[in-house]
Peer 1: 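Have a look at this one.
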Amino acid sequence: MAVTDAPKITSSRFDLADGHTIERYVATGGYQGLKAALAKSPSGVVDEVKSASLLGRGGAGFPAGVKWGFCPPGVFPRYLVVNGDESEPGTYKDRLLMEKDPHQLIEGVLIGCYAVGCSQAFLYVRGEMALAQERIAQALNDAYAAGHIGKNIYGTEFSVDIVLHWGAGAYIVGEETALIESLEGNRGMPRLKPPFFPAAKGLYLQPTIVNNVETLANLPWIMSNGAAAFAALGAENSKGTRIFAVSGHVKNPGVYEVEFGVTTFRDLLYAPVYGGGIRHDRELKAFIPGGASAPWLYPEHLDVPLEAATVGKLGTMLGSGAVVVFDEQTDMVKACHRLVRFFARESCGKCTPCREGTSWLEKILERIIDGLGRPEDLDLLLDICDNISVGMNWPPRQTTICPLGQSATSPIASAVMRFRDEFEAYLGGPAEITVQVKGPAFVGPYVHEEATADA
Amino acid sequence: MARLDDTNLATAKEIISRYPRIKSATIPLLHLAQEQDGYVATDAMEHIAELTNTTPAQVLGTCSFYEMFKREPVGKYLVNICTNISCQIMGGEELLHHAEESLGIKGGSTTADGLFTIEDVECIAACTEAPCLQINYRYFHKISNDQFDEVIADLRSGGRTDEIPPHGTLARIRQHIPADRAAGNADPAGIPEPIWLSAPATAPPEGEKA
Ligand SMILES: Cc1cc2nc3c(=O)[nH]c(=O)nc-3n(C[C@H](O)[C@H](O)[C@H](O)COP(=O)(O)O)c2cc1C
Ligand code: SF4
Ligand code: FES
């Protein structure tokens with residue numbers, strides 16, 4: 001339980017009206033992290049980021065420094081691709097980082113390119129984000145003019161171009177291999193891993209580092225203040241700070257940068273400086289801890305810290321830092337249907353379980369809501385889920401090319417297992433469930449001893 | 001309608017020049033075509049195929065995958081209302097219904113005067129500001145029914161054009177890499193190990209204390 005006074009690492013300029021300008025950025029310490037990085041060797045920068053234990057902020061939470069080390073030695077050119085496609089429902093942080101502090105991101109990209117030895121970077125911004133595209137275009141133009149990007153930066157041997165690229169509306173393009181396909185001018189359909197792990201075979205089949213916007217936005221601070229200062233914040237396996245978007249039924253929906261690993265869900269939902277409690281002082285019914293793909297959590301989990309490993313043990317994830325809050329009056333069947341409709345719409349169509357399964361799930365949920373459901377529908381829903389995500393365990397077993405298919409089963413298994421009575425009310429009578437569901441977040445017991453003991 | 005005009009062709013060539021493989025410019029060029037005509041015309045796709053050294057079928061294949069590309073004219077103002085989870089539970093569906101009633105059309109269709117198209121869209125990354133929408137990809141946060149009607153009335157009477165350009169125009173600021181500052185494209189077939197990796201920090205950055 002902690003609302004700490006940790007410094008703001010990535011959102012420090014969010015409240016400045018002119019935080020996006022190069023003048024304000026430089027006046028508030030901008031581009032000093034890059035200079036500190038250039039004073040070290042590239043491998044020294046990689047070591048620094050490794051010892052900061054900076055976890056990726058795009059969803060999977062993989063340590064950034066470790067990922068950088070996966071590029072096969074001696075294979076060049078290497079590319080850096082920024083994932084600014086933010087479109088996981090509930091997620092709202094990368095857009096702010098791009099609109100309000102584009103130079104911080106650019107500086108992070110430069111530090112990453114220097115460390116990994118990338119000869120060109122592509123900054124992929126979601127198509128629908130016109131203002132972010134404008135702010136980044138302006139920031140790039142200004143940074144080139146001021147000598148922060150391009151040829152022989154600050155008179156060193158370090159040279160790199162950053163190219164602004166923008167998408168055209170497709171959630172799946174957020175998946176890193178689909179992002180690369182899209183950047184090559186193709187349909188955004190994921191590639192099979194292996195062999196197409198981007199660090200080995202990415203853009204144009206060359207070694208490519210794909211990092212999330214927030215991940216890279218941490219680098220200037222880490223280089224300016226040192227890995228030790230970063231690692232002094234947070235918990236054992238979750239260092240630094242993290243931005244969470246708290247949306248839905250709280251009094252103060254908002255985007256909050258909190259100390260990672262020590263702040264709890266209760267703090268985030270109820271502390272006056274964050275969510276401020278459930279609206280109209282109602283009871284909390286459930287919350288999504290990490291975006292639409294994450295299995296749900298419940299009031300008994302409020303004291304769990306926002307710590308990646310602890311939340312993982314509960315059978316769910318912090319994902320993209322998207323916390324969606326449902327009060328006691330929420331219709332969980334409708335919420336479930338809306339989430340599943342999203343996955344059905346956004347399936348790229350490459351794998352049968354995902355393409356067919358998600359739209360079957362959507363249609364069954366639709367008929368339940370329309371009052372045309374059948375008693376065997378709950379079992380049918382879970383049976384289809386079991387085909388897409390075998391055993392419905394956590395982390396899910398991969399039966400498809402990318403995890404989107406499995407993600408679609410999270411809201412169903414959550415809603416059906418926990419709020420079965422609401423489905424039965426729609427069905428007009430009891431419904432039997434015979435399908436085995438294993439994921440701890442779906443079946444309980446909902447409070448895990450190891451999880452709380454660790455905290 | 002049309003192939004890219006001379007101004008847009010010059011812009012297209014500048015965009016293409018930033019990629020090691022020109023096919024990568026396909027999506028930005030499709031946006032340029034949509035900016036010119038309000039939608040992506042067949043002739044424009046053929047032109048893009050010539051420019052990117054692909055076939056019209058490949059361009060169409062890419063174009064048709066992405067939600068934002070319209071291959072038929074849509075309203076001058078595309079009203080995208082989010083009904084995904086955070087918005088759904090905060091009145092997004094009610095906002096959509098209000099918009100449909102107020103404009104007299106269903107989601108997915110265009111008003112008879114060609115001014116407005118409504119779409120029921122997925123999360124637009126403004127979840128803490130629900131209910132929300134975009135008009136031509138410009139955000140309106142926490143918007144009430146009355147505010148919605150006001151904005152629509154303004155647009156009908158020709159207002160707010162500074163804030164909201166016609167459909168097709170995304171960013172009004174473009175990236176330009178000055179020739180004398182450019183590091184150059186990294187050709188996947190022919191770039192050796194970067195010099196700074198093996199011989200780092202040849203000149204200490206100016207003003208650096210550490
Ligand atoms: C369906 C799907 C959608 C994704 N969407 C995004 C996204 O919008 N933004 C993002 O940064 N990562 C997204 N990811 C995760 C990326 O594949 C990748 O792990 C991430 O960009 C790596 O960056 P990081 O290591 O810095 O977190 C998505 C993954 C999947 C499977
Ligand atoms: S799981 Fe779904 S979204 Fe992912 S590659 Fe397969 S069909 Fe496409
Ligand atoms: S759910 Fe509506 S903006 Fe994210």
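Chain naming here is simple, since letters A, B, ... match the order of the sequence lines and numbering starts at 1 in each. The structure displayed is predicted, hence computed values, not measured ones.
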Peer 1: If the threshold is 4.0 Å, N to carboxylate O, is there a salt bridge linking A:Arg135 and A:Glu99?
Peer 2: no
Peer 1: Testing B:Val40, B:Leu170, B:Ile48, B:Asn8 one by one against B:Leu32 for a side-chain contact (heavy atoms from CB on, under 4.5 Å), which residue passes?
Peer 2: B:Asn8
Peer 1: Take the angle between the ring planes of A:His148 and A:Tyr31 and call it parallel below 30°, perpendicular above 60°, tilted in between.
Peer 2: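 Plane angle under 30°, so parallel.
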Peer 1: Heavy-atom cut-off 4.5 Å, strictly under: side chain, backbone, both or neither for B:Gln88 against chain A?
Peer 2: side chain
Peer 1: So what's closer than 4.5 Å to chain B heavy atoms on A:Cys113: side chain, backbone, both or neither?
Peer 2: backbone
Peer 1: Between A:Asp161 and B:Arg18, is the closest basic N to carboxylate O distance under 4.0 Å?
Peer 2: no
Peer 1: Given a strict heavy-atom distance threshold of 4.5 Å, which part of A:Val125 is in contact with chain B: side chain, backbone, both, or neither?
Peer 2: neither
Peer 1: Under 4.5 Å heavy-atom distance to chain B, tell me which part of A:Ala335 shows up: side chain, backbone, both or neither.
Peer 2: both
Peer 1: Where does B:Asn185 contact chain A at under 4.5 Å (heavy atoms): side chain, backbone, both or neither?
Peer 2: both
Peer 1: Does this structure show an ion pair linking B:Arg174 with B:Glu35, if we count only N-O contacts that are shorter than 4.0 Å?
Peer 2: yes
Peer 1: What residue in B:Lys23, B:Gln134, B:Glu93, B:His176 has the most heavy-atom pairs under 4.5 Å with chain A?
Peer 2: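 Option with the top pair count is B:Lys23.
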Peer 1: Pick one of side chain, backbone, both or neither for B:Glu122, based on which atoms fall under 4.5 Å of a heavy atom in chain A.
Peer 2: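 Both parts, heavy atoms under 4.5 Å.
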Peer 1: Check whether B:Pro192 gets within reach of chain A through its side chain, its backbone, both or neither, counting any heavy atom under 4.5 Å.
Peer 2: backbone
Peer 1: Does any heavy atom of chain A fall under 4.5 Å from the side chain of B:Glu129, the backbone, both, or neither of them?
Peer 2: side chain
Peer 1: Is B:Val121 close to chain A through its backbone or its side chain, or both, or neither, when contacts mean heavy atoms under 4.5 Å?
Peer 2: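 Contact with chain A is through the backbone of B:Val121 alone.
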Peer 1: Which bit of B:Ala182 is near chain A, if near means a heavy-atom gap under 4.5 Å: side chain, backbone, both or neither?
Peer 2: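 Contact with chain A: backbone and side chain both.
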Peer 1: Less than 4.0 Å between a side-chain N and a carboxylate O, is that true for B:Asp154 and B:Arg160?
Peer 2: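 Yes, charged N to carboxylate O under 4.0 Å.
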Peer 1: By a 4.5 Å heavy-atom criterion (distance strictly below it), what part of B:His31 contacts chain A: side chain, backbone, both, or neither?
Peer 2: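 The answer is the side chain of B:His31.
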Peer 1: Are B:Lys70 and B:Glu119 within salt-bridge range, i.e. N to O under 4.0 Å?
Peer 2: yes
Peer 1: Can you tell me if B:Gln36 uses its side chain to pair, donor with acceptor, with the backbone of B:Asp5 under 3.5 Å?
Peer 2: yes
Peer 1: Mind checking whether A:Tyr114 and B:Trp196 have parallel, tilted or perpendicular rings, split at 30° and 60°?
Peer 2: parallel
Peer 1: Tell me, for B:Thr169 versus chain A, whether the close heavy atoms (under 4.5 Å) come from the side chain, the backbone, both or neither.
Peer 2: neither
Peer 1: Tell me, side chain or backbone of A:Ser182 under 4.5 Å from chain B's heavy atoms, or both, or neither?
Peer 2: both
Peer 1: Check whether A:Cys348 gets within reach of chain B through its side chain, its backbone, both or neither, counting any heavy atom under 4.5 Å.
Peer 2: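 Backbone plus side chain of A:Cys348, per the 4.5 Å heavy-atom cut-off to chain B.
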Peer 1: Do you know which of B:Ala183, B:Gly190, B:Cys123, B:Ala25 has the most heavy-atom pairs under 4.5 Å to chain A?
Peer 2: B:Ala183
